[in-house]
Peer 1: 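Quick one: the structure is below, and I'll ask about it shortly.
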Protein chains: 2
Amino acid sequence: MSLEHAILGFLDRGPMTGYDLKTRCFDRDASHFWTADQAQVYRTLDRLVTRRLVTSRLVPQRGKPDRRVYSVTDNGRSELRAWVAQPLQPAPLRDGDLFRLYFGATLDDAALETRLSEARRGLQERLDGVRARSSALRITTREKALARMTLDAAAASLRAEIDWIDDCIERVREGLPAPEEVS
Amino acid sequence: MSLEHAILGFLDRGPMTGYDLKTRCFDRDASHFWTADQAQVYRTLDRLVTRRLVTSRLVPQRGKPDRRVYSVTDNGRSELRAWVAQPLQPAPLRDGDLFRLYFGATLDDAALETRLSEARRGLQERLDGVRARSSALRITTREKALARMTLDAAAASLRAEIDWIDDCIERVREGLPAPEEVS
DNA sequence: GATTTTTATAGGCTTTGTCCTATACTTGTC
DNA sequence: GACAAGTATAGGACAAAGCCTATAAAAATC
């Protein structure tokens with residue numbers, strides 16, 4: 001399971017709270033390839049404590065809620081190292097949006113083109129954001145070099161989708177077979 | 001939910017059993033961008049019947065198990081048409097594999113390159129398969145033009161990932177910052 | 001001849017993930 | 001001064017998906 005190991009990986013940088021993991025790690029550092037629900041972060045932390053891969057201690061605060069700070073144990077660290085060394089297993093594509101296109105034969109050319117252009121806009125915005133983050137990243141450490149790679153993976157994926165959309169739009173303009181007559 | 005609408009879309013081609021949907025539609029036609037669990041296909045069919053979007057009738061067979069043949073209702077058809085006309089909403093990237101890379105700073109250059117090359121091989125095989133299916137497809141109908149587009153979406157995505165891996169391998173060869181000394 | 005695969009449906013269990021709510025005090029904004 | 005946003009944790013409910021099992025007879029393979 002990715003989330004467990006992701007949390008181990010982030011905690012390996014240093015002790016942190018669930019809140020830090022959610023807001024600083026997932027919503028910032030890894031947001032270009034993963035999202036984690038807040039409730040699930042806490043649930044997963046609980047499980048990691050049960051399995052003795054992380055420990056927690058309560059840090060009282062005045063004014064603000066108490067913080068529960070989590071740290072990786074030696075067990076957790078070796079689990080992480082072992083997981084990291086395993087082969088990459090690229091997941092098959094899974095894109096429900098493509099069903100909309102796949103079954104879109106009842107749409108006319110104009111509607112198809114509109115759908116595609118709309119999608120293109122959103123993707124371009126995301127791509128701009130990811131590219132900005134990638135070029136802003138100074139590669140001073142091995143970690144940052146790898147972080148840049150993940151940003152470029154996201155950029156490559158977005159770029160490919162945009163190019164594909166452009167290709168689809170062109171094909172629509174060049175003319176698709178007309179919808180079949182349905183009595 | 002994609003699966004419901006996917007099933008409506010496939011049944012719109014003509015009445016079918018859950019078995020047909022699983023083996024012919026999902027495992028064949030749409031396998032390059034979606035997989036559906038067999039049990040979930042049947043569960044979803046049940047739900048669609050409850051919502052009166054599809055109907056079923058039992059067709060007895062000798063020797064083989066009885067077939068339950070499902071058809072779209074008018075309700076189902078208009079639900080499908082409405083769904084198809086909605087804007088595409090490209091999902092954000094979600095790739096747990098990237099965590100393995102992201103936290104892979106403890107791996108040395110050779111190990112990193114091995115991980116990347118392994119992954120490349122599998123992706124290339126998939127790409128070959130998808131490309132073969134795409135070029136084998138004669139575009140005689142609007143449906144087939146759209147099917148080709150989804151195959152090309154998969155091809156574009158695989159291509160992008162392979163190119164990205166090549167880029168990563170190059171960067172590793174050109175030299176990454178060394179791992180930090182840990183006492 | 002024995003085993004595996006194909007055809008066909010369906011229930012159970014579990015994991016993963018999403019959304020909503022509650023609590024509570026501080027800080028920042030209009 | 002009121003209201004929203006930030007800090008911080010956690011439970012409940014539920015949807016989506018994956019894996020395993022059962023049934024049962026024909027057909028195909030070893």
Side-chain angles (χ1 to χ4, degrees), chain A residues 1-7 10-11 15-28 30-31 33-51 54 56-70 89 91-97 99, chain B residues 1-8 10-11 15-28 30-31 33-51 54-70 89 91-97 99:
Chain A
M1 222 263 308
S2 295
L3 188 61
E4 282 182 11
H5 293 102
I7 289 178
F10 284 125
L11 288 180
M16 253 182 285
T17 64
Y19 187 78
D20 294 333
L21 281 165
K22 168 65 177 160
T23 56
R24 273 195 256 295
C25 299
F26 289 104
D27 289 352
R28 257 211 254 305
S31 62
F33 67 93
W34 195 264
T35 57
D37 182 73
Q38 170 262 119
Q40 211 195 343
V41 169
Y42 285 106
R43 272 194 285 261
T44 306
L45 282 167
D46 280 348
R47 210 187 320 143
L48 289 170
V49 169
T50 309
R51 296 198 199 160
V54 313
S56 80
R57 71 204 153 79
L58 204 66
V59 179
Q61 296 195 119
R62 320 156 243 182
K64 295 177 185 177
D66 293 348
R67 294 160 57 87
R68 182 166 291 278
V69 178
Y70 294 88
Q89 296 158 6
L93 183 60
R94 186 173 188 81
D95 185 349
D97 243 23
F99 274 127
Chain B
M1 223 262 306
S2 296
L3 188 61
E4 281 182 13
H5 294 102
I7 288 178
L8 288 177
F10 284 126
L11 288 181
M16 254 183 283
T17 64
Y19 186 78
D20 293 333
L21 281 164
K22 168 66 176 159
T23 57
R24 272 195 256 296
C25 300
F26 288 104
D27 288 354
R28 258 212 253 303
S31 62
F33 68 92
W34 196 264
T35 57
D37 182 72
Q38 171 263 116
Q40 213 196 339
V41 169
Y42 286 105
R43 273 193 289 262
T44 307
L45 281 167
D46 280 349
R47 210 187 319 143
L48 289 170
V49 170
T50 309
R51 296 198 199 161
V54 313
T55 53
S56 80
R57 73 204 152 81
L58 204 65
V59 178
Q61 294 194 121
R62 320 156 244 183
K64 296 176 183 176
D66 293 347
R67 294 159 57 86
R68 182 168 290 278
V69 178
Y70 294 87
Q89 294 159 7
L93 182 61
R94 186 173 189 82
D95 185 348
D97 243 23
F99 274 126

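Here is the naming used below: chain letters follow the sequence lines, and residue numbers restart at 1 for every chain.
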Peer 1: Could you say whether B/Arg24 or A/Glu4 is positioned toward the 5' end of DNA chain C, judged by the nucleotide with the nearest heavy atom to each?
Peer 2: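 Final value for this comparison: B/Arg24.
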Peer 1: List the steps and the verdict of side-chain contact (heavy atoms from CB on, under 4.5 Å) for A/Phe33 and B/Asp97.
Peer 2: CA-CA 9 Å; A/Phe33 67 93; B/Asp97 243 23; over 6 Å; no
Peer 1: In Å and rounded to the nearest 0.5 Å, what is the OH to CG distance from A/Tyr70 to A/Asp20?
Peer 2: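 It comes to 11.5 Å.
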Peer 1: For A/Phe26 and D/dA8, what is the distance between atoms CZ and C1' respectively, to the nearest whole Å?
Peer 2: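 It is 17 Å, rounded to the nearest whole Å.
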Peer 1: With a 4.0 Å cutoff (strictly under), does any side-chain N or O of B/Thr17 reach OP1 or OP2 of C/dT9?
Peer 2: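 For C/dT9, OP1 or OP2 has a side-chain N or O of B/Thr17 closer than 4.0 Å.
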Peer 1: Does the side chain of A/Thr35 get closer than 4.0 angstrom to OP1 or OP2 of C/dG17 through an N or O atom?
Peer 2: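 For C/dG17, OP1/OP2 do not have a side-chain N/O of A/Thr35 under 4.0 Å.
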Peer 1: Which nucleotide, C/dG17, D/dC19, D/dG11, lies nearest any side-chain atom of A/Ala39?
Peer 2: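 For A/Ala39, the side-chain atoms sit closest to D/dG11.
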Peer 1: What is the distance, rounded to the nearest whole Å, between atom OH of A/Tyr42 and atom P of C/dA22?
Peer 2: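 That distance rounds to 18 Å.
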Peer 1: Does A/Gln38 make a side-chain N or O approach to OP1 or OP2 of D/dT9 shorter than 4.0 Å?
Peer 2: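 Looking at the OP1 and OP2 atoms of D/dT9, neither is under 4.0 Å from any side-chain N or O of A/Gln38.
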Peer 1: D/dA16 P sits how many Å from B/Leu48 CG, rounded?
Peer 2: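 Checked: the CG to P distance equals 11 Å.
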Peer 1: Take A/Trp34 and B/Tyr70, find for each the nucleotide of DNA chain C with the closest heavy atom, and name the residue whose nucleotide sits nearer the 5' end.
Peer 2: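 By nearest-heavy-atom nucleotide position, the 5'-most residue is B/Tyr70.
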Peer 1: For the side chain of B/Arg43, counting heavy atoms from C-beta on, which of D/dA13, C/dA10, D/dG18 is nearest?
Peer 2: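 Nearest listed nucleotide: D/dG18.
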Peer 1: Starting from C1' on D/dA10, measure out to CZ on A/Arg68 and report it in whole angstrom.
Peer 2: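 Whole-Å distance recorded here is 11 Å.
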Peer 1: Is B/Gln40 near enough to D/dA17 that one of its side-chain N or O atoms lies under 4.0 angstrom from OP1 or OP2?
Peer 2: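 Answer yes for this pair, as a side-chain N or O of B/Gln40 is under 4.0 Å from OP1 or OP2.
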Peer 1: So, do A/Phe99 and B/Leu8 sit near enough that their side-chain heavy atoms are less than 4.5 Å apart?
Peer 2: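 Not touching, per the 4.5 Å side-chain cut-off.
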Peer 1: Provide a list of protein-nucleic acid N or O atom pairs under 3.5 angstrom, restricted to nucleotides 25-29 of chain C.
Peer 2:
none

Peer 1: May I ask you to evaluate whether B/Arg67 reaches the phosphate of C/dT6, defined as a side-chain N or O under 4.0 Å from OP1 or OP2?
Peer 2: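 Looking at the OP1 and OP2 atoms of C/dT6, neither is under 4.0 Å from any side-chain N or O of B/Arg67.
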Peer 1: Using modelled atom types only, decide if a donor and an acceptor are shared between the side chain of B/Arg68 and the backbone of B/Gly18 within a distance under 3.5 Å.
Peer 2: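 Pair absent, no side-chain N/O of B/Arg68 close to backbone of B/Gly18.
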Peer 1: In a check of side-chain hydrogen bond (donor to acceptor under 3.5 Å, both in side chains) between A/Lys22 and each of A/Thr17, A/Asp27, A/Asp37, which one passes?
Peer 2: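 Option passing the side-chain hydrogen bond (donor to acceptor under 3.5 Å, both in side chains) with A/Lys22: A/Asp27.
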Peer 1: Side chains of B/Leu48 and B/Leu11, heavy atoms from C-beta outward: is any pair under 4.5 Å?
Peer 2: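 In short, these two side chains do not touch, never coming nearer than 4.5 Å.
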Peer 1: Once you round it to whole Å, what is the distance between P of C/dT9 and CG of B/Leu45?
Peer 2: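 Rounded to whole Å, this separation is 9 Å.
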Peer 1: Could you tell me whether the side chain of B/Thr44 reaches within less than 4.5 Å of the side chain of B/Arg47, counting heavy atoms only?
Peer 2: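 Yes, at least one pair of side-chain atoms sits under 4.5 Å.
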Peer 1: Could you check whether the side chain of A/Arg94 and the base of D/dG18 have a donor-acceptor pair of N or O atoms closer than 3.5 Å, going by distance alone?
Peer 2: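 By the distance-only test, no, there is no pair.
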Peer 1: I'd like to check A/Arg24 versus A/Met16 (side-chain heavy atoms, cut-off strictly below 4.5 Å). Are they in contact?
Peer 2: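 Counting from C-beta outward, A/Arg24 and A/Met16 never come under 4.5 Å.
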Peer 1: In whole Å, what is the span from the CD atom of A/Gln61 to the P atom of D/dG6?
Peer 2: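 One finds 17 Å between P of D/dG6 and CD of A/Gln61, rounded.
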Peer 1: A/Asp37 CG to D/dT9 C1': how many Å, rounded?
Peer 2: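 It works out to 13 Å between those atoms.
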Peer 1: Any side-chain N or O of B/Tyr19 less than 4.0 Å from the OP1 or OP2 oxygen of C/dT9?
Peer 2: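 It does not, given that no N or O in the side chain of B/Tyr19 lies less than 4.0 Å from OP1 or OP2 of C/dT9.
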Peer 1: Just how far, in rounded Å, is P of C/dT7 from CG of B/Leu21?
Peer 2: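 About 15 Å, once rounded to whole Å.
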